[in-house]
There are 2 protein chains.
Amino acid sequence: MTVSITDVARATGVSASTVSRALRGQPGVSDEVRDRITTIAARLGYTASRSASSLASGRTFTIGVVVPYVGRWFFGTVLDAAERVFSAAGYDVLLYNLGSPETRKRFFTKMPVRKRVDAVLSLLIPDEEESFALRSLGVPLATTVGGPRPGFTVVGIDDHAGTESAVRHLVNLGHRRIGMISGSSGLQHWTTPVERRRAYLDVLADAGIEHDPALEADGDYTVEGGERAMMELLAVSRPPTAVFAQSDEMAMGALRALRRHRLKVPDDVSVVGFDDHELADVIGLTTVAQPVAGQGAEAARLLLRQLDEPEAEPPRHVQMPIRLVLRETTAPPYPRGPQ
Amino acid sequence: MTVSITDVARATGVSASTVSRALRGQPGVSDEVRDRITTIAARLGYTASRSASSLASGRTFTIGVVVPYVGRWFFGTVLDAAERVFSAAGYDVLLYNLGSPETRKRFFTKMPVRKRVDAVLSLLIPDEEESFALRSLGVPLATTVGGPRPGFTVVGIDDHAGTESAVRHLVNLGHRRIGMISGSSGLQHWTTPVERRRAYLDVLADAGIEHDPALEADGDYTVEGGERAMMELLAVSRPPTAVFAQSDEMAMGALRALRRHRLKVPDDVSVVGFDDHELADVIGLTTVAQPVAGQGAEAARLLLRQLDEPEAEPPRHVQMPIRLVLRETTAPPYPRGPQ
DNA sequence: CGCTGTTGCGCAAGCGTTTGCGTTCAGTTT
DNA sequence: AAACTGAACGCAAACGCTTGCGCAACAGCG
């Protein structure tokens with residue numbers, strides 16, 4: 001049926017071991033024999049069985065990538081970049097899309113990647129328990145999005161500084177009632193929302209603005225959630241004149257809500273997002289830009305380096321640059337007369 | 001180091017074969033022994049080595065998914081849905097992200113999925129040559145996006161009808177100069193752009209409108225491409241009053257170009273897209289909606305069914321429903337006086 | 001009480017590679 | 001010419017699981 005290494009060996013008149021060595025570029029094979037083997041293998045359409053070779057060698061040449069919601073722009077983009085790096089290095093990618101809490105839990109208890117991968121890249125920082133499970137695999141680990149975590153190479157951004165620049169921008173424009181649409185996403189351990197909230201509070205305090213809990217709403221990191229959150233914020237007695245959304249998608253949802261309420265942006269309400277989504281430019285959304293693909297590629301590269309030099313390369317924490325991109329959704333508060 | 005099936009066997013006091021049968025729910029094991037094995041296996045944290053079991057059984061419980069650009073909303077969403085179906089059925093997903101023509105070519109010549117997967121789902125219809133390569137794998141195949149193809153289960157939409165509804169809508173509004181932003185994407189064989197162009201021409205002919213080649217531009221299925229294409233269309237002597245873009249992303253690029261030119265939408269130019277992108281609603285884009293996640297899930301289900309009943313389930317072609325969604329980017333042409 | 005069936009389990013032969021070690025042999029050194 | 005290299009290659013034992021087959025043990029039957 002399918003052609004095996006012994007078929008190639010027989011056709012060439014050598015042993016299977018020589019074929020194996022020849023095809024993997026190992027020494028101990030003369031150039032002439034190697035050439036013969038290569039051409040014959042190609043003619044027969046031979047591909048080594050990954051199952052067999054990983055069983056024998058212990059290496060799988062496969063990397064597990066754990067991602068919440070491949071469908072979301074952020075993660076899709078990170079994954080895209082990481083995959084390119086992996087496949088260019090000859091690694092295959094096993095994708096685990098952990099959309100719901102149940103699938104997430106099932107993944108970390110059953111650990112289907114055990115003995116299947118040489119390394120794991122998690123596109124969202126795992127919590128303590130999950131980290132423990134991953135470390136038990138005994139393979140190099142990396143993660144994007146989140147703070148430092150022992151045993152992991154993590155590449156992320158300075159969430160505090162990013163948020164700071166966004167909220168401070170609103171303050172500088174003269175806003176005093178500044179709302180925030182956050183995203184807990186049901187994952188308590190995730191540091192990003194926490195860190196961004198802290199920065200939000202810090203800037204307010206720094207500017208001498210009293211914090212009003214009614215100006216915080218949860219947008220679940222989705223467009224719909226952002227829309228709902230904005231509705232909530234508009235329903236409070238003194239609605240905000242500006243809103244900081246922890247992601248562009250939520251900011252876009254907020255824009256939709258505002259449009260439905262016949263409110264002008266930025267005249268009536270200013271909005272600033274986070275991420276610099278591909279379409280933020282189309283919409284004219286002011287936002288905090290972060291290198292999304294860049295983080296995926298960098299994490300992948302660091303992971304590969306650990307794979308190459310297991311000892312020499314310790315896990316580390318790298319932070320990528322961010323910058324505030326000013327567009328058309330922010331302006332000074334509209335002078336509505338004395339309030 | 002890692003715990004193997006013989007460790008479990010020894011700890012339970014049975015043979016490895018019994019452990020294997022017990023854990024996979026096969027008959028020939030008493031309930032009492034099965035329970036003992038299950039608990040002991042759990043206690044030891046045993047997971048069967050996929051390499052070993054696929055080598056022995058010939059099944060990999062892995063499905064290869066070939067996708068151009070995971071980062072793009074459409075494919076990301078299809079992939080998300082398909083992955084859920086596969087993982088729920090106990091299959092792992094090997095992801096092949098074929099961004100550039102080179103990686104695409106390399107994939108189809110080297111065929112890294114050979115002997116690695118039980119089935120292949122291609123999120124973009126492969127061309128003749130690629131189809132041949134895939135068929136040589138001897139596993140069930142499915143694809144989304146594209147016309148029927150022998151040997152493949154394909155789920156798609158009626159591109160002709162969808163485009164027809166979009167362009168006819170513009171005609172009915174009174175437009176006579178209707179441009180089109182298409183996307184060749186460098187893949188000549190791909191039927192979608194061809195089919196949509198044919199429908200575009202058909203509607204024009206049907207409405208007695210003469211076709212002007214200057215009103216067609218290529219947008220490469222990206223936002224930037226759409227923007228460039230719109231620029232081109234605005235540069236012709238008598239620019240269009242309405243534009244049909246073959247994807248929402250290109251439509252959004254067109255909107256950006258129009259905004260830069262200080263042209264009002266829909267007052268000066270009407271725009272209609274295709275896909276019903278997650279953010280089309282936010283932007284208020286009129287578009288042809290298609291079930292994106294639905295196609296991924298359906299293709300995945302059909303593929304699994306073929307896997308279960310290799311003979312009984314022949315490849316087939318299913319078409320999913322489409323509908324025109326009217327929003328705020330289309331209106332009758334602005335009466336600009338006699339032209 | 002022997003006979004046939006059934007159930008529960010172990011034996012051992014694979015599955016297709018990789019890899020340590022042994023062998024051959026041509027070429028180099030004393 | 002003998003001894004000694006090293007390069008090139010083959011042998012065979014893993015790697016960890018699956019599965020056909022065989023063999024007990026036991027139940028049910030006449």
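Naming: A, B, ... by sequence-line order, numbering from 1 per chain.
- Proximity of B:Lys115 to the phosphate of C:dT17: a side-chain N or O atom is located under 4.0 Å from OP1 or OP2.
- Counting to the nearest Å, the P atom of C:dC9 and the CG atom of B:Asp31 are 10 Å from each other.
- B:Ser49 comes within 4.0 angstrom of sugar-phosphate atoms only, judged by non-hydrogen atoms across all strands, and of no base.
- Of the charged side-chain nitrogens involved, none lies within less than 4.0 Å of a carboxylate oxygen, so that B:Asp308 and B:Arg305 do not count as a salt-bridged pair.
- Distance CZ (A:Arg116) to P (D:dC15): 21 Å, rounded to an integer number of Å.
- A:Thr12 contributes atom OG1, which lies 11.5 Å from atom CG of A:Asp35 (distance to the nearest 0.5 angstrom).
- Contact annotation for B:Glu32: no contact, since no heavy-atom pair falls under 4.0 Å across all strands.
- Counting only heavy atoms from C-beta on, A:Ser57 has its side chain closest to C:dT19 among C:dG10, D:dA8, C:dT19.
- To the nearest angstrom, P of C:dC15 lies 22 Å from CZ of B:Arg50.
- B:Tyr91 has its ring centre less than 6.0 Å from the ring centre of B:Phe61.
- If you measure from atom CD1 of B:Ile5 to atom P of D:dC15, you get 15 Å, rounded to the nearest angstrom.
- Atoms CG (A:Leu55) and C1' (C:dT18) sit 10 Å apart, rounded to a whole Å.
- Of the candidates D:dG16, C:dG10, C:dT18, C:dG10 carries the atom nearest the B:Thr18 side chain, counting heavy atoms from C-beta on.
- Protein atom CZ of B:Arg59 is 18 Å distant from nucleotide atom P of D:dC17, rounded to whole Å.
- Taking the ring axis of B:Tyr69 as reference, the NZ or CZ atom of B:Arg72 stays within 45° of it and closer than 6.0 Å to the ring centre.
- The base of D:dG10 sits with one of its N or O atoms less than 3.5 Å from a complementary donor or acceptor on the side chain of A:Arg21.
- Along DNA chain D, the nucleotide nearest B:Val19 and the nucleotide nearest A:Gly13 are compared for position; the residue whose nucleotide lies closer to the 5' end is A:Gly13.
- For the pair A:Gln26 CD and D:dA8 C1', the computed distance is 14 Å after rounding to whole Å.
- Residue contacts for A:Ser30: at a heavy-atom cut-off of 4.0 Å it reaches the sugar-phosphate backbone alone, with no base atom in range.
- Evaluation of atom-type donor-acceptor distances gives no pair under 3.5 Å for the side chain of B:Ser51 against the base of D:dC17.
- Take the nearest nucleotide of DNA chain D for B:Thr47 and for A:Ser15: the residue whose nucleotide is more 5' is A:Ser15.
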Fill in: CA sep, side-chain torsions, deciding dist, call: B:Arg301, B:Glu298, salt bridge (charged side-chain N to carboxylate O under 4.0 Å, His left out)
CA-CA 5 Å; B:Arg301 273 192 295 265; B:Glu298 180 66 10; 3.2 Å; yes

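- C:dT7 atom C1' lies 13 Å from atom CZ of B:Arg34, rounded to whole Å.
- Scanning atom types as modelled, no donor and acceptor separated by under 3.5 angstrom connect the side chain of B:Thr6 and the base of D:dC17.
- Within the model, atoms CZ of A:Arg135 and CZ of A:Arg149 stand 8.0 Å from one another, a figure rounded to the nearest 0.5 Å.
- Proximity note for A:Ala52 (side chain, C-beta onward) versus C:dG16, D:dG10, C:dC11: the nearest is C:dG16.
- Looking at the side chain of A:Arg24, the nearest of the listed nucleotides C:dT18, D:dC9, D:dC15 is C:dT18.
- The side chain of B:Ser17 lies closest to D:dT19, out of C:dT17, D:dT19, C:dT18.
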